[in-house]
Amino acid sequence: MVFEEAAHEKVRRASRIISALDSPQRLHIVERLAERDHVVHELVEQLGKSQPLVSQHLRVLKKAGIVEPTRRGREVIYRLVAPEVVTIIDLAAVLGTPDSERGSN
């Protein structure tokens, strides 16, 4: 019974992270934050998306525990607190590559 509860918890946590990464825009945000912390307006400019849309994506990433905001005056600075998600993104990109491009036959 304890094993089943632990397995369910593991799946629940993985599902939360995978769901949060289920957006090309959120993947781009994670990639930017892996380079350095950003204020929202920098992400808006870099992604070419509206501030409300970028903020909505950041809320999803925050709720999943991937990013964390810090307020400094009028600006909110976001930082990546789960850098392991970059590995997930990298692995998904490799798995999504056709076999012919990966060198497998």
request  = Applying side chain to side chain donor-acceptor pair (under 3.5 Å), name anything that partners Arg74, two or more places apart in sequence or on another chain.
outcome  = none
query = What distance separates Leu80 CG from Arg36 CZ, expressed to the nearest 0.5 Å?
reply = 13.5 Å
ask   = In Å and rounded to the nearest 0.5 Å, what is the CG to CD1 distance from Leu27 to Ile88?
value = 10.5 Å
task = Report the distance from atom CD1 of Ile89 to atom CD of Glu84, rounding to the nearest 0.5 Å.
result = 11.5 Å
key: Shared-cluster residues of Leu91, by chain and number - hydrophobic side chains joined below 4.5 Å   = none
note = Here the pair of heavy atoms bringing Ala20 nearest to Ala64 is CB-CB, 3.5 Å
task = Examine the side chains of His57 and Arg26 and answer whether a donor and an acceptor come within less than 3.5 Å of each other.
result = yes
key: Under the side chain to side chain donor-acceptor pair (under 3.5 Å) test, residues paired with His41 that sit two or more places apart   = Glu75
task = Answer with yes or no whether the hydrophobic clustering places Val44 together with Val39; edges join I, L, V, M, F, W, Y residues whose side-chain heavy atoms lie under 4.5 Å apart.
result = no
ask   = Do Val76 and Leu58 have side chains that get closer than 4.5 Å, going by heavy atoms?
value = no
note = Taken in chain and number order and not counting sequence neighbours, the residues that satisfy side chain to side chain donor-acceptor pair (under 3.5 Å) with Glu68 are Arg79
ask   = For the atom pair OG (Ser23) and CG (Leu53), what is the distance rounded to the nearest 0.5 Å?
value = 8.0 Å
ask   = So, for Arg72 and Ile77, which heavy atoms are closest and what is the spacing to 0.1 Å?
value = NH1-CD1, 3.0 Å
request  = Go through the structure and list residues passing side chain to side chain donor-acceptor pair (under 3.5 Å) with Arg12, not counting sequence neighbours.
outcome  = Glu9
query = What's the spacing between Ile29 CD1 and Arg32 CZ if we round to 0.5 Å?
reply = 9.5 Å
inquiry  = Pair His28, Gln46 - check side chain to side chain contact (heavy atoms under 4.5 Å, CB included), show working.
reply    = CA-CA 10 Å; His28 286 300; Gln46 291 175 10; over 6 Å; no
task = State yes or no: do Val54 and Val60 share one hydrophobic cluster built from I, L, V, M, F, W and Y residues joined by side-chain heavy-atom distances below 4.5 Å, directly or via other members?
result = no
inquiry  = Taking side-chain contact (heavy atoms from CB on, under 4.5 Å) as the definition, give me every residue that meets it alongside Ser55, ordered by chain and number, with sequence neighbours left out.
reply    = Val40, Gln51, Arg59
task = Would you mind reporting whether Ile66 and Val81 have side-chain heavy atoms less than 4.5 Å apart?
result = no
ask   = OH of Tyr78 to CG of Leu43: how many Å apart, nearest 0.5 Å?
value = 9.5 Å
